[in-house]
Amino acid sequence: MPETLHLAATSDGIAQAAALLRAGGLVAMPTETVYGLAADARDDRAVARIYAAKNRPAFNPLIVHLPDLASAERIARLSPEARALAASFWPGPLTMVLPLRPDAGLSPLVTAGLDTVAIRLPAHLVARDLLRAAGIPLAAPSANPSGRVSPTRAEHVLAGLSGRIEAVLDGGACAVGVESTILGLDGPPALLRPGGVPVEAIEAVLGAPLALPGDPTLPKAPGQLASHYAPEARLRLNATEARAGEVLVGFGPVAGALTLSAQGDLLEAAANLFHLLREADALAGPGGAIAFAPVPETGLGLAINDRLRRAAAPRP
Ligand code: TXA
Ligand code: MG
């Protein structure tokens with residue numbers, strides 16, 4: 001990849017960033033919390049590239065950044081509580097996890113196969129201009145290599161990701177400096193991650209206390225969610241051929257009824273993974289079984305194998 005562009009937040013720079021994003025590129029964008037590593041949330045390959053650039057060893061669901069409430073309503077179902085919170089805190093450092101509309105058109109890699117989606121309307125003026133110019137939903141985790149601190153300046157982004165992404169759009173230092181507050185709103189309102197909007201301010205709008213992390217009635221912490229799409233069918237890993245009654249999903253030289261990537265390309269395999277889990281499940285039918293060809297434990301292979309091991313693990 002050519003050198004990462006350092007774009008000024010001028011109308012030209014924003015137009016260039018928007019064009020790169022529409023073409024499937026990765027662009028780090030300023031938000032009021034931290035810089036986000038943005039890609040077209042509808043494009044499997046672009047989203048797979050986010051995980052590759054960050055070297056993430058697992059597919060955590062990503063936050064979808066949008067310009068306005070109307071686009072949020074097209075992607076998710078907002079309860080009256082969610083609308084009240086949106087009226088008070090959007091645009092701003094609040095992320096809401098909401099039921100995903102089936103026709104939202106997002107890559108399943110964005111939600112890690114969940115039927116909920118995390119949405120945020122950033123307040124940073126450059127982020128808002130970029131979202132409007134691009135005209136597409138932008139999936140964006142913090143723009144740092146996995147395991148490193150979140151970047152609050154364009155220079156931090158370049159220090160971690162230079163040469164791995166198309167561009168960084170320089171909007172100066174981030175005002176808030178900590179990530180957004182994440183609320184689960186697919187059930188009783190629950191705090192999933194403390195952040196830029198104080199819990200007290202949220203409780204004042206809701207008129208009730210939030211459920212807090214550790215509450216036994218809540219789902220597990222984000223990223224550890226047991227509810228990631230789990231196929232109905234039994235799953236066998238490291239298979240080189242199909243046994244009777246199995247749907248084999250190939251990779252590289254192992255051909256199957258379906259394949260993650262005939263070329264053995266890990267980026268293509270990641271982009272296909274969640275679609276193929278569902279497709280193989282449908283083909284296997286009730287009581288059926290799926291076998292997956294071995295995937296190398298390098299690069300995106302780590303995240304792919306992590307996901308497959310979880311899917312293959314014995315269920316409670
Ligand atoms: O301030 C922020 O939120 C920044 C800027 C760039 O917007 N973004 C950010 O993204 O911090 P990230 O990927 O570092 O953290 C996103 C968190 C993860 O912990 C993820 O598990 C959770 O959001 N998340 C995303 N979708 C979810 C879902 N459907 N259910 C539960 N948790 C979800
Ligand atoms: Mg992060």
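The structure presented is a predicted model; accordingly, all values stated were derived computationally and were not measured. Only heavy atoms go into these numbers, but all of them, side chains included; no hydrogens, no water, no symmetry mates. When a ligand or atom number is given, it counts from 1 through the structure's own listing order. Counting begins at 1 with the first residue of the sequence.
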Taking the basic N atoms (NZ, or NE/NH1/NH2) and the acidic carboxylate oxygens, is any pair closer than 4.0 Å for Arg45 and Asp265?
yes
Within 4.0 Å of some non-hydrogen atom of Ala118, the atoms of ligand 1 are 25 (C), 26 (N), 27 (C)
- Query: Salt bridge or not for Arg309 and Glu297, using N-O below 4.0 Å?
  - Reply: yes
If we number the atoms of ligand 1 from 1 as shown, the ones under 4.0 Å from a heavy atom of Ile63 are 3 (O), 8 (N), 9 (C), 10 (O), 16 (C)
Quiz prompt | Any N or O of Asn60 closer than 3.5 Å to N or O of ligand 1 | solution = no
Check ion pair Arg278-Glu232 (N to O, under 4.0 angstrom)
no
Ligand 1 atoms nearer than 4.0 angstrom to some heavy atom of Thr116 are 28 (C), 29 (N), 30 (N)
Shortest non-hydrogen pair, Ile304 vs Ala269, comes out as CD1-CB, 3.8 Å
Does an N or O anywhere in Tyr35 fall below 3.5 Å from an N or O of ligand 1? no
TODO: Work out whether the distance between some heavy atom of Ser142 and some atom of ligand 1 is less than 4.0 Å.
DONE: yes
In short, Ala17 meets Leu169 closest at the heavy-atom pair CB-CD2, 4.3 Å
Note: ligand 1 atoms sitting under 4.0 Å from heavy atoms of Gly36 are 6 (C)
Q.
Tell me whether Arg128 is salt-bridged to Glu32, with the criterion being a basic N under 4.0 Å from an acidic carboxylate O.
A. no
Note to self: Using heavy atoms and a 4.0 Å limit, tell me yes or no: is His65 in contact with ligand 1?
What the structure shows: yes
So the atoms of ligand 1 within less than 4.0 Å of a heavy atom of Arg56 turn out to be 13 (O), 14 (O)
Ile182 heavy atoms within 4.0 Å reach ligand 1 at atoms 17 (C), 22 (C), 23 (O)
| query | Does Ser142 bring an N, O or S atom to under 2.8 Å of the Mg ion (ligand 2)? | reply | yes
At under 4.0 Å between heavy atoms, what of Glu32 touches ligand 1? The answer is neither
**Asked** Just distances here: any N/O of Glu179 and N/O of ligand 1 closer than 3.5 Å?
**Response** no
Handout entry: Short N-O contact, Glu179 and Arg120, less than 4.0 angstrom
Key = no
Problem - Between Asp12 and Thr10: side-chain donor-acceptor atoms closer than 3.5 Å - result: no
Does a side chain donor of either Ser146 or Asn55 reach within less than 3.5 Å of an acceptor in the other side chain? no
message: Before you tell me yes or no, could you show the steps for Tyr51 and Leu62 under side chain to side chain contact (heavy atoms under 4.5 Å, CB included), namely the whole-Å CA-CA distance, both residues' side-chain angles and the distance that decides it to 0.1 Å?
response: CA-CA 10 Å; Tyr51 290 98; Leu62 306 175; 3.7 Å; yes
- Message: Thr33 versus ligand 1: do any nitrogen or oxygen atoms come within less than 3.5 Å of each other?
- Response: yes
The option among Pro122, Gly177, Pro141 carrying the non-hydrogen atom nearest to atom 10 (O) of ligand 1 is Pro141
